[in-house]
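All residue numbers in this chain count up from 1 along the given sequence.
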Amino acid sequence: MLCQFAHQFPYFVESFLEQGRSLRRRFREETVTDVMMGSLITAGGGRVVVEFPNEPVTGADMEWNFVNTSDGTFFRILLQAKQAYGEGKSWMRHGYKELLHTSGTGPNLQAETLCDTARAPGSATYPLYILYHPAQTCALVQKYGSTLLSGVNLADGFVIEKLVKAANTRALRTRNKSLKAIAPHLFSLTDLFCPPTVCPVGPVAFAPGMFPIPMYVSTATGRPVLGVPIPPTPRDIRDRIANRRKGDLAWTSEMQDTTVPEVPRVSETIPDDVKAIIARRVDGAVGAPEPLNRWRMTFITTIPRDVPGAPSAES
């Protein structure tokens, strides 16, 4: 299930990237992202549709679509992946050397393109960065007294955009892409995927083509429920991002003088291109996916709001 994946996958990434440090050619973030996609297919339990669908267009490496087919709601996350690099015993000298890249071959900053895409009116889209760290970097931060850093962390795209756009001197370019500047804003995959959402055994759990396997799953109440683990609903994801932003004290102090969009509302309409994805997966509809060059994942939930005992647990 996705919550278990969120706990375990970061440890794999730490070790994987650390092994790459001893090789003449290190693993890049593209490799980690590819492995992540394969792992999410398994963790999704048949409710995750994966396609390799235009990074220069959106500034994103991944597009995660969260859909509830029962009530027609939708929420999208655009993610840009970056890997941390660094040598020496000071974690503050480690950082994301490719954070200031432009989008494609044009002059636009990648972070700005990502956030501009999310700012489109009515898009129900939010920008995040997904950041990969080798074990050495994680150990240095833990030695400093923090357990926040792991092999995989997330950061708000609007925070990264502000840091990138403000890097107009050599000193700021070095500072603003450093782990020291970004660490206060990091959060974990578990903040997004845990606690698990469970659909109790019943007709609604057995959506066509989803291959459900009922199991006992512990919910936020601490009580085991016999049901089918499913991806978080669009409202779960939207609320978890909003709650994370409220709890980010560094965000409060640094972003209060900046015009930053609110976390958008969940869309009450599933976009046509996402409907086509679901139709191909669930109904066996014929038709090739549109050609894109980023990973696109669609997390499908089939759970009415009024199903009793079907917790949509908040983090």
Side-chain angles (χ1 to χ4, degrees), residues 3-23 26-33 35-36 39 61-62 77 79-101 110-111 127-164 166-167 171-194 240-241 243-255 315:
C3 184
Q4 184 178 10
F5 162 83
H7 279 287
Q8 294 179 349
F9 188 71
Y11 291 107
F12 164 79
V13 173
E14 287 183 31
S15 176
F16 183 70
L17 292 180
E18 193 62 33
Q19 290 179 345
R21 288 167 53 84
S22 64
L23 303 177
R26 294 187 178 185
F27 300 124
R28 291 178 54 81
E29 57 261 22
E30 293 89 346
T31 304
V32 180
T33 297
V35 175
M36 172 182 271
S39 300
D61 289 318
M62 288 180 279
I77 297 176
L79 300 103
Q80 173 58 236
K82 295 298 176 187
Q83 181 181 165
Y85 296 88
E87 302 292 342
K89 297 182 179 180
S90 173
W91 68 270
M92 296 184 185
R93 294 181 177 272
H94 294 223
Y96 313 93
K97 65 180 183 180
E98 299 179 355
L99 198 67
L100 307 182
H101 272 198
Q110 196 175 58
L128 294 179
Y129 270 71
I130 186 163
L131 305 170
Y132 306 139
H133 308 104
Q136 183 196 48
T137 301
C138 295
L140 288 173
V141 175
Q142 291 166 6
K143 185 177 180 181
Y144 178 77
S146 172
T147 59
L148 176 64
L149 200 73
S150 69
V152 182
N153 284 102
L154 300 169
D156 195 294
F158 291 121
V159 171
I160 303 299
E161 180 190 37
K162 181 186 178 184
L163 289 169
V164 168
L172 283 174
R173 284 192 290 272
T174 299
R175 177 197 178 278
N176 288 7
K177 64 183 180 181
S178 70
L179 181 57
K180 179 182 178 181
I182 295 171
H185 303 286
L186 297 179
F187 60 105
S188 69
L189 280 176
T190 58
D191 290 328
L192 206 61
F193 288 131
C194 301
R240 290 172 185 181
I241 290 175
N243 289 337
R244 167 61 203 174
R245 210 165 96 164
K246 289 178 183 177
D248 187 344
L249 299 180
W251 167 285
T252 302
S253 62
E254 294 182 17
M255 304 294 284
S315 59

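The CD atom of Q8 sits 10.0 Å away from the SG atom of C3 when rounded to the nearest 0.5 Å. Taken to the nearest 0.5 Å, the OH atom of Y96 stands 5.5 Å off from the CD1 atom of I182. Atom CG of L163 and atom CZ of R175 lie 7.0 Å apart (nearest 0.5 Å). Going from atom CG of L179 over to atom NE2 of H133 covers 5.5 Å, rounded to the nearest 0.5 Å. To the nearest 0.5 angstrom, F187 atom CZ is 6.5 Å from I241 atom CD1. In this structure, the separation between CG on L148 and CD on Q142 is 10.0 Å, given to the nearest 0.5 Å.
Within 6.0 Å of CD in E18 there are more than 12 heavy atoms belonging to other residues, nucleotides or ligands. The local environment of CZ in R93 is sparse, with at most 12 non-hydrogen atoms from other residues, nucleotides or ligands closer than 6.0 Å.
Considering only heavy atoms from C-beta on, Q110 comes within 4.5 Å of K82 through its side chain. Between H185 and D156 there is no side-chain heavy-atom pair separated by less than 4.5 Å. Residues Y129 and V159 fail the side-chain proximity criterion, which asks for heavy atoms closer than 4.5 Å. Side-chain contact between W91 and L149: absent, with no pair of heavy atoms (C-beta onward) separated by less than 4.5 Å. Counting heavy atoms from C-beta outward, M36 and V152 have side chains that approach closer than 4.5 Å.
Closest approach of G151 and V13 over heavy atoms only: O-CG1, 3.3 Å. For the residue pair A111 and E161, the shortest heavy atom distance occurs at CB-CA, 4.0 Å. In terms of heavy atoms, A6 sits closest to C194 at CB-SG, 4.4 Å.
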message: Under the criterion side chain to side chain contact (heavy atoms under 4.5 Å, CB included), I'd like the reasoning laid out for L17 against T137: C-alpha separation, chi angles, the key distance, then a yes or no.
response: CA-CA 10 Å; L17 292 180; T137 301; over 6 Å; no

- request: Give the C-alpha distance, both sets of side-chain angles, the deciding distance and a yes or no for side chain to side chain contact (heavy atoms under 4.5 Å, CB included) between L79 and T33.
  value: CA-CA 11 Å; L79 300 103; T33 297; over 6 Å; no

message: Set out, in order, the CA-CA distance, both residues' side-chain angles and the distance that settles side chain to side chain contact (heavy atoms under 4.5 Å, CB included) for Q136 and H94, then state yes or no.
response: CA-CA 10 Å; Q136 183 196 48; H94 294 223; 3.8 Å; yes

task: Kindly indicate, with the supporting measurements, whether the criterion side chain to side chain contact (heavy atoms under 4.5 Å, CB included) is fulfilled by Q80 and H101.
output: CA-CA 11 Å; Q80 173 58 236; H101 272 198; over 6 Å; no

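E29 pairs by the salt bridge (charged side-chain N to carboxylate O under 4.0 Å, His left out) definition with nothing, not counting sequence neighbours. Residues forming a side-chain contact (heavy atoms from CB on, under 4.5 Å) with S150 (at least two apart in sequence, or on another chain): P10, E14, N153.
When each of F27, F9, Y132 is tested with F16 by the rule ring-ring contact (aromatic ring centres under 6.0 Å, His included), just one qualifies, namely F27. Checked options D191, L131, L189; the residue passing with L154 is L189 (criterion: side chain to side chain contact (heavy atoms under 4.5 Å, CB included)).
Classification of the F5-F193 ring pair by plane angle, with boundaries at 30° and 60°, yields perpendicular.
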